[in-house]
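Here is the structure we will look at.
FYI, the numbering just counts along the sequence from 1. Everything quoted here is computed from the prediction, not taken from an experiment.
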Amino acid sequence: MLHKILSALKACGVSVYNIVDQSIESAEIYFIKKQEDMRRMKNIREITVTVYNDFEIGETKMRGMSDIQIAPGMTEEEIYKKIAGAYNAAGYVKNLFFELADPAVETVDDDDKMNCLPAEEAARIMADALFTPDTMTDAFINSAEIFVENASFHILSSRGTDVRFSKKRIWGEFVAQCVSPEDVEMYFDFEYDEPDTFALSKLVSDAITIVSDRAEASIAPSAGVYDLILTEKHVYTVLSAYLEKANAAMIFAKYSPYEIGASVQGESVKGEKINLIAVPDQPYSLDGVKLVERQILSDGVLKDIVGATRFCRYLGIEPKGSYRTIRVENGSIPLTEMKKRPYLMPVAFSDFQMDEMSGRFGGEIRLAYLFDGENIKIVTGGSVNGSLLEKHDSIVFSKETYRSSNYSGPAAMLIPGVNVAGA
């Protein structure tokens, strides 16, 4: 198939291109309670071709681009027509000129036996882990979905890139239900880059506890200002804003004020200075940039900028590739120490969000634990509305750690003085 595409590119006069050829073996398993309801296996091939068209506006050199999908069953004539149309369309895209990623030639072997498992077997292993903690009568999993993809990539570019690598992705969702004293259902999701049975079983165990406590909760926290303890995936949601603001596209567009050497937490940090590393979740980006660990923040100081080749070129820096996974090397306080003073610790939101542009975070509380200095209350309702920009000079992290597909680091962070709307 690739030779047909290369032949069509030449026939259309396309001299600059990038091809991503992806083959995917996937498994999907659906459950109603513990009973398997449906199982689906797939083997598909997806080919994405990016064509570039160079032109000038006045004395300014431009490089337009357009993406197309090529199906394996397409004829040479169909491929030619698609590429010709994309090349013409790219001539109307007024991007400033940029050079593609430097050439790379490599085949990356995956010797990890767990990562090499067939998708169906990996899904079965994760299904066993999902239901192992489901042992209660009043609180249980009432439905679940598990997805596994084993993907192999082949990237070719007109600059000479020819790389191959594989990647596994495991994700899914489940609904936990508690029927007494109130019938409550809560949604949970998960994602891993390997069959992490321990992490999934712990998530389910925690989810059953959370939905059981939610069934008991009946009051909302009083409106006011609280020391807020965020945990696990909510920690990632907040801290990922630093990675987003260190992205070349954000900086080039002036959406982010970050520059190398800037103290992004301010000059006077009363809490912990953040050490944050961008971690690759695959060997190469889809435009052929080799991905390696990069220190983004060191003691709160910006050390590196990452992002797509186009925007790195615009900033005059080496293409670094885009990342979504972070490792945070902080954590000085045991969670038990954090909990010795009054706090509000939400463990489930309806929809917790972080706006990296404004620095604001928040969401509606489905379940939280409120410590007033003497007693712990289970509360539900109200909402959190905080600003990272106002508080990141005073946050602290737990010694306890948490790991998911896109995060490794402290399991909890304490943010003082956060506004909460409540009763």
Side-chain angles (χ1 to χ4, degrees), residues 29-37 126-147 170-192 196-221 226 228-238 335 339 343-353 361-371 375-384 398 400 402-405 407 411-413 420-423:
I29 307 181
Y30 301 83
F31 296 90
I32 296 177
K33 294 188 176 178
K34 295 181 180 180
Q35 183 68 40
E36 182 178 322
D37 182 56
M126 293 300 280
D128 290 343
L130 181 78
F131 290 105
T132 295
D134 186 6
T135 58
M136 297 176 62
T137 302
D138 291 342
F140 48 84
I141 297 173
N142 77 2
S143 61
E145 301 175 5
I146 297 175
F147 307 91
I170 299 172
W171 77 102
E173 58 190 45
F174 62 92
V175 175
Q177 181 179 2
C178 185
V179 296
S180 179
E182 179 185 356
D183 195 345
V184 174
E185 293 183 354
M186 297 181 72
Y187 168 88
F188 298 86
D189 58 19
F190 57 89
E191 183 176 349
Y192 307 105
D196 195 333
T197 55
F198 175 81
L200 182 55
S201 290
K202 182 180 182 302
L203 174 64
V204 173
S205 179
D206 291 345
I208 289 174
T209 298
I210 288 170
V211 75
S212 298
D213 285 348
R214 173 59 186 86
E216 298 280 352
S218 59
I219 61 171
Y226 293 84
L228 189 74
I229 298 177
L230 294 177
T231 60
E232 299 187 348
K233 68 176 183 179
H234 305 126
V235 177
Y236 167 77
T237 299
V238 171
L335 188 55
K339 293 180 175 181
Y343 65 83
L344 178 70
M345 186 171 74
V347 293
F349 290 90
S350 293
D351 184 20
F352 185 74
Q353 295 185 358
F361 60 87
E364 297 181 1
I365 299 170
R366 290 213 68 189
L367 179 69
Y369 301 101
L370 173 62
F371 178 55
N375 301 300
I376 297 177
K377 299 177 182 178
I378 302 173
V379 295
T380 184
S383 62
V384 170
S398 71
E400 293 82 0
Y402 168 74
R403 182 185 179 278
S404 67
S405 66
Y407 174 75
M413 64 187 295
V420 174

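Taking CD from E145 and CG from D37, the interatomic distance works out to 9.5 Å, rounded to the nearest 0.5 Å. Distance CG/D213 to CE/M186: 9.5 Å, rounded to 0.5 Å. Atom CG of residue D134 and atom CZ of residue F31 lie 11.5 Å apart, to the nearest 0.5 angstrom. In this structure, CG on L230 lies 5.0 Å from CZ on F352, to the nearest 0.5 angstrom. In this structure, W171 CH2 and F190 CZ are separated by 10.0 Å, a value rounded to the nearest 0.5 Å. Atom NZ of residue K33 and atom CZ of residue F131 lie 11.5 Å apart, to the nearest 0.5 angstrom.
More than 12 heavy atoms of other residues, nucleotides or ligands lie within 6.0 Å of CD1 in I219, so this atom counts as buried by the packing criterion. Atom CD of E364 has 12 or fewer heavy atoms from other residues, nucleotides or ligands within 6.0 Å.
When all heavy atoms of Y407 and Y402 are compared, the closest pair comes out as CD2-CD2, 3.6 Å. Here the shortest heavy-atom pairing between S212 and A139 reads OG-CB, 3.3 Å. The shortest non-hydrogen separation linking V420 to V384 is CG2-CG2, 4.3 Å. Taking every heavy atom of both residues into account, L200 and M126 meet most closely at CD2-O, 3.3 Å. Summarising the geometry of I229 relative to A412, their closest heavy-atom pair is CG2-CB, 4.1 Å, with the distance given to 0.1 Å. Here the shortest heavy-atom pairing between F174 and A144 reads CB-CB, 3.8 Å.
Under the 4.5 Å side-chain criterion, counting only non-hydrogen atoms from C-beta, P346 is in contact with L228. Residues V379 and L344 form a side-chain contact, since some pair of their non-hydrogen atoms from C-beta on lies under 4.5 Å apart. Proximity of K202 to D196: side-chain heavy atoms (C-beta onward) are nowhere separated by under 4.5 Å. Here the side chains of S404 and Y236 are not in contact, with every heavy-atom distance at 4.5 Å or above. Y369 has its side chain out of reach of K339: every pair of non-hydrogen atoms, C-beta onward, lies at least 4.5 Å apart. The side-chain heavy atoms of K34 and I141, taken from C-beta on, include no pair separated by under 4.5 Å. Considering only heavy atoms from C-beta on, F140 comes within 4.5 Å of V179 through its side chain. Residues V204 and F188 form no side-chain contact, since every pair of their non-hydrogen atoms from C-beta on lies 4.5 Å or further apart.
Ring geometry, Y30 versus F147: the interplanar angle exceeds 60°, so the pair is classed perpendicular (tilted spans 30 to 60°).
A salt bridge links K233 with D189: at least one charged nitrogen is closer than 4.0 Å to a carboxylate oxygen.
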Do F349 and T237 pass the side-chain contact (heavy atoms from CB on, under 4.5 Å) test, and can you show the C-alpha distance, the side-chain angles, and the key distance before you say yes or no? CA-CA 12 Å; F349 290 90; T237 299; over 6 Å; no
Does M413 form a side-chain contact (heavy atoms from CB on, under 4.5 Å) with H234? I'd like the steps, not just the answer. CA-CA 9 Å; M413 64 187 295; H234 305 126; over 6 Å; no
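With S205 contributing its side chain and S201 its backbone, the two residues share no donor-acceptor pair below 3.5 Å. In this structure, E216 contributes its side chain and I378 its backbone to no donor-acceptor pair below 3.5 Å. Of the possible donor and acceptor atoms, one in the side chain of T380 sits under 3.5 Å from a partner among the backbone N and O of R366. With hydrogens and angles ignored, the 3.5 Å screen pairs no side-chain donor or acceptor of T197 with any backbone N or O of A129.
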